[in-house]
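Heavy atoms only: backbone and side chains are in, while hydrogens, waters and symmetry mates are out. These numbers come from a predicted model, not from an experiment. Order of appearance sets the numbers: ligands from 1, and atoms from 1 within every ligand.
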Amino acid sequence: MARKLYVDLKENSYNIFIEKGILNKIGRKIKNIYNGKKIFIITDENVNKYHGDKVKESLEGAGFNTKIMVLKPGEETKSFNTLPKIYNELLDFKLNRKELIITLGGGVIGDLGGFVASTFLRGVAFIQVPTSLLAQVDSSVGGKVAVDLERGKNLVGSFYQPKAVFIDPEVLSTLPEKFYRDGMGEVIKYGCIKDKKLFDMLITLKDRKEVMNSIEDIIYTCCSIKKDVVEKDEKDLGERMLLNFGHTLGHAVETFYNFTGFSHGEAVSIGMYNISILGEKQGITKIGVSDRIKEILVNYQLPYEINIEHNEKIVDTIALDKKNLGDKLKIILLKDIGESIIYDTTPDFFKEVN
Ligand code: GLY
């Protein structure tokens, strides 16, 4: 069933369309919201192989003049150094300020392409067409766009909302298992922070096939949670921080393994479980919550353990994280499944992590 969500951000408001097979008719859909002629598509080699022609044909069928730029897949592409190459292609295509960019891909393409859109000619409109589960439930919604510097990820970026988000759950059928699990880590996070019903439903699903049978509902639920949070706190100064549940520790794990050991969703899974154990020890998190989280992570074959040898190094990594300015640190804790709070502390909170 086709679903639609309206993200209400005053003059930056937009719709999220969720529908199986929507990519086949994306040209007609975009015709309803964009009356220019040219569309520049940014994608990567993997996504282009499966969906590039389909999207291009649908857009050209609706009368648009398109150009597709196909980048190498992977985080290295999200580099500041990739930008001049894309700006040059945009200039060659003579895209003007009233025309449109489409980002067709996962989080890397969405973040990078969104950043390009926010800066080229001081900003041109863009539409997110996320093709990974992680991007469909998280990064394509809410307007965080960024590129990486050599000294760290997402160090240059802005808040720049898309004109629309088109989510086709059908594209997930070609998603490799590792990326599927990566996305499920974030899906589970939404249940943990805001929606016990979602959590209880997810824990009963047996395998990927069962998840796929309910995927439109699952994506819709995650996007509505994200929409509510972003509407309250677009610039990430309060409520939006709840979306970072499991991320402080998760980010330390990713950094520690140099972004090669665990995927983002896997690292967040480890973070969610371990921070809940610490929350229980502090008397903030209800006893038994960490066991429930472990149960769901095991169900989705997601990791939950931290290698104990490295625990003091993890605390150091948290203390050195550029995001944790000064000694103070805001972390997200659960009081119970579906109920999350922002908690002021210091990196020492993580001393007992194991
Ligand atoms: N992914 C977290 C946020 O959008 O705020």
Closest approach of any protein heavy atom to atom 5 (O) of ligand 1, naming residue and atom: Arg240 NE, 2.7 Å
State whether the shortest distance between N or O atoms of Lys144 and N or O atoms of ligand 1 falls below 3.5 angstrom. yes
If only side-chain N and O atoms count, and only distance matters, is there a donor-acceptor pair under 3.5 Å linking Thr285 with Glu280? no
For the residue pair Glu254 and His247, confirm or rule out a side-chain donor-acceptor distance under 3.5 Å. no
Compute the centroid of each ring, for Phe199 and then for Tyr190, and state whether the two points are separated by less than 6.0 Å. no
With heavy-atom distances below 4.0 Å as the criterion, list the atoms of ligand 1 near Leu243. 3 (C), 5 (O)
The closest protein heavy-atom partner of atom 4 (O) of ligand 1 is Lys226 NZ, 2.6 Å
CG of Leu121 to CG of Leu90, rounded to nearest 0.5 Å, is 8.0 Å
What protein heavy atom lies closest to atom 1 (N) of ligand 1? Include the residue and the distance to one decimal. Asp138 OD1, 3.1 Å
Audit row: Tyr6, Tyr14, ring pair (Phe, Tyr, Trp, His ring centres under 6.0 Å) steps and yes/no: CA-CA 6 Å; Tyr6 181 69; Tyr14 54 97; 8.3 Å; no
